[in-house]
Structure formats: structure tokens, C-alpha cells
Number of protein chains: 2
Amino acid sequence: MTTRETIIQTADELIRDKGYNAISYVDIANVVGIRKPSVHHHFPHKADLGVAVIEFHIAQLEKVRESYKNRPPAEQLDRFFAIYQEIKKQNRICIVGSLSTDFNTLEAAVQEKLEEFSEHMIKWVSQFLKEGKAEGTFHFKQSARTKAIMLISGMLAIVQLCRLTNDNDFALMMKALRQEL
Amino acid sequence: MTTRETIIQTADELIRDKGYNAISYVDIANVVGIRKPSVHHHFPHKADLGVAVIEFHIAQLEKVRESYKNRPPAEQLDRFFAIYQEIKKQNRICIVGSLSTDFNTLEAAVQEKLEEFSEHMIKWVSQFLKEGKAEGTFHFKQSARTKAIMLISGMLAIVQLCRLTNDNDFALMMKALRQEL
DNA sequence: ATTTGCCTACCTACCGGAAGGTTTGTACAT
DNA sequence: ATGTACAAACCTTCCGGTAGGTAGGCAAAT
């Protein structure tokens, strides 16, 4: 892995652990094992790094979407939940949840990239929900988009809420969301 | 309203607008119309202010709970949604959503107070859901606590997500959550 | 074959500004 | 006189960002 990639992944983990405004170039440099100005060499401004982190998430999501596009909707749903199970395992939260909280303090370029990522996410989930409904696997009254937002919201929120309540609530939430499909 | 109360409410609004780690004593002082050291006079450390803000939310919630305790569950549900409609109108997010993102950077006292607030919230919603189910107004398979967490999660997340997508998603989400009761 | 030139990746040292917080003092009401 | 509410001035620490430089790789020109 290149230094550039290591910086992106480190920044991503720190952002989803402590929040965008709580982490600094020094924090990232310390984890990567280089000095602060070297991080600036790769990402002159914090906004450049923020954009790169979100682009990394978009690329990851597109890879998942591509490799699952011909699989049954039920499997795609499993894959969707697996994303949040991984996040929960790391005791972090998702990038949308983390950055939407700080949204009003983000540089315009980061804001736009985040909107782009959320569009990708909603589009993917909507699509396999629609497919699943058409073939009779899923059952819901709302539009596919609304149901997608309900699933995404539910998982986005439960990883945040679990920090305050009970780890067990995560599994209960996931099960309940499945029941309503 | 006393200066102390004005500081608390200003801090609350700023926290739910920009996030805990993005706001400073100077920001608060500028809005209130006093100087930074005067804010320190009322709240020596940022943690004191954080705790006070959450205690303010607990007190507000208890007032609502008390005044609605003998009303029908359907009305209590309406009151629950009204909380988030108010938040949405202000283009802010809820205190739990805001602070849970920054949770790992919060002082221990603030973390504990936030846990306390989320307990209150879950307890209230669970209670009127349980009542509503018993009298046949609500219908759900899960435990009242799980369903409460689903409602809270849904609203917590949609105010965050709406910052990135469409304002219209808020109403759709609320309607969908109602349908599943 | 060696020099010249440019590139990437990293460094030390530093900047202005803003953060949370302290000291000290004043104005005023009780 | 004592406590409350404020603020000027200041402190230390850390922030994002910059200046200037070093070491090594690569490739064309000599």
C-alpha cells in the first residue's frame, strides 16, 4: 500500500472514530509514521483529504455493487448489512453519519462529495429492494427509495446509538429491519 | 431568561448546528453578547457546559413526559414526532445524534449524561408504545424497547441524512414509521 | 559513463491564529 | 462588606499551513 493510501485509510478510521473536527494532521502523521508536513505534501488542505476519503468510500461501494449486481436481492441485502456489521465490530460509525453531523462546518467540496456518496448508497439499496419486491422476496408499501432510506437510516443511527446504550441493540435493530421487508 | 440559561440554549443550538468540537467559547459569547471569560464564569470547563446542555434536554423531556402521561398513546406519538419536526425546521440535528458522533472525544461526565438522556428517551417512547399496543392502537412484533429504538433511530438519522438528500425525505420517513405501527 | 536536471517523498523549523483556560480587577446589587 | 456578573489582558497548547531544504530515483544530454 502506498503512503497516500495509508493516509486516506488512517484519516477515514480516525474520522469515523472521533469526528472530522477532532482529528488533526499530526494525529494522522503519528499513526502513519511520518511527519505532519509530509501529510500536507500528499493532501495540501484538509478538504483535499476529506474529498479523498469519501472518494475511497465511493470506490469501495462501487466495487461491492459491481460484484453483487447479478446476485439475488436477498444476498445483496446481506452484503448491505455486512457493511454495518464491520463498522460495529470496529466500534466506529459510518462516514455519512460522522460527516453529516459536522456538515455545516465542512468545505463545499467535501459537502458535495458526501452528497454524491449518499446518492450512490441510496441508488444501490433502492435497486436491489425494487428487484426483490418484483420477484416477491421483499414486501413493502413505500417506494423503493423511501424503504432504502429507512434501511440506511436505521443502520446509520444504530451504530451511533449503540455507543450510548447496549451493543445488543445492534442485532435487534438489524433483525427488526429484516422483518419489515 | 438569565444569562446562564441563554448560554445553555446558545451552546445547544450551536452544538446541534455545527457539532461539539467545532464550537468555541468565543462563538457562544458572540451570540450571547458577552465576552469569553464571562462564559467561563458560568461554566469553567467545556465539560460543565456540555453536561448543562444535556441536563436542559433531560428537563425538557421530563416536562413533556409529565404533561402527556395521561393522554392517549397516539397523542404521545404525535408529540414525539413534533420534537423532530421542530429540529428539522431549524435545520439542526438532535443532541444524541450530534454528540454520539463525537462520543469518543467527550469528557467522561458528558458521556455519562448523554447516556442518561438516551435512557430517558427510550423509556418514554417504550412506555407509550407499550400502552398503545395493549389498547390496540399500535401493532408491532418486536419488544416495545426495540420498537422505540427503531423510531428514535429513524428520526435521529433522517434529520442528519436530510442535510445531504432531500428535505422531502423527512416527511416520507415519518409517514413510513407511522405505517409500521 | 557521467553530468545535469527534474521529480517524488520526506524532513526541520516556523508562522499566524484560535483553542480552552487563568488572573486580576471593576461595577453593582444585596 | 460580601457575592454576583462581567471583562481586559494574558497564558499555554495546538491547529492548519508554509518555507526551505535533503535524499534518492530516473532519464536525457554531454
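Naming: A, B, ... by sequence-line order, numbering from 1 per chain.
Regarding B:N21, its CG atom lies at a distance of 12 Å from the P atom of D:dC15, rounded to whole Å. Remark: C1' of D:dC11 and NE2 of B:H40 are 12 Å apart, rounded to the nearest angstrom. Rounded to a whole Å, the CZ atom of B:F43 is 18 Å from the C1' atom of C:dT22.
B:I23 comes within contact range of the sugar-phosphate backbone alone, with a heavy-atom separation under 4.0 Å but no base atom that close.
Under the 4.0 Å criterion applied to side-chain N and carboxylate O atoms, A:E180 and B:K147 are assigned as salt-bridge partners. Using a 4.0 Å cut-off between charged nitrogen and carboxylate oxygen, B:K113 and B:E119 do not count as a salt-bridge pair. Contact check on A:K63 versus A:E66 returns no salt bridge, with no Lys/Arg side-chain nitrogen under 4.0 Å from an Asp/Glu carboxylate oxygen.
Remark: A:Y20 engages no residue in a ring pair (Phe, Tyr, Trp, His ring centres under 6.0 Å) (not counting sequence neighbours). Residues that satisfy the side chain to side chain contact (heavy atoms under 4.5 Å, CB included) test with A:E135, not counting sequence neighbours, are A:P73, A:T137.
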Protein heavy-atom contacts under 4.0 Å, written 5' to 3' over nucleotides 8-13 of chain C as B (base), S (sugar-phosphate only) or - (none), form the string -BBBBB

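Applying the salt bridge (Lys or Arg N to Asp or Glu O under 4.0 Å) test to residues at least two apart or on different chains, none of the pairs has a partner in residues 23-45 of chain B. Residue pairs meeting the ring-ring contact (aromatic ring centres under 6.0 Å, His included) criterion with at least one member in residues 58-102 of chain B, sequence neighbours excluded, are B:F80-B:Y84.
A sub-4.0 Å separation between OP1 or OP2 of C:dA19 and a side-chain N or O of B:S24 is present.
Listed by residue number, A:H45, A:K46 are the residues of residues 45-52 of chain A with a heavy-atom contact under 4.0 Å to DNA chain D.
Cation-pi contact between B:K46 and B:Y25: absent, since separation from the ring centre below 6.0 Å together with deviation from the ring axis within 45° is not met.
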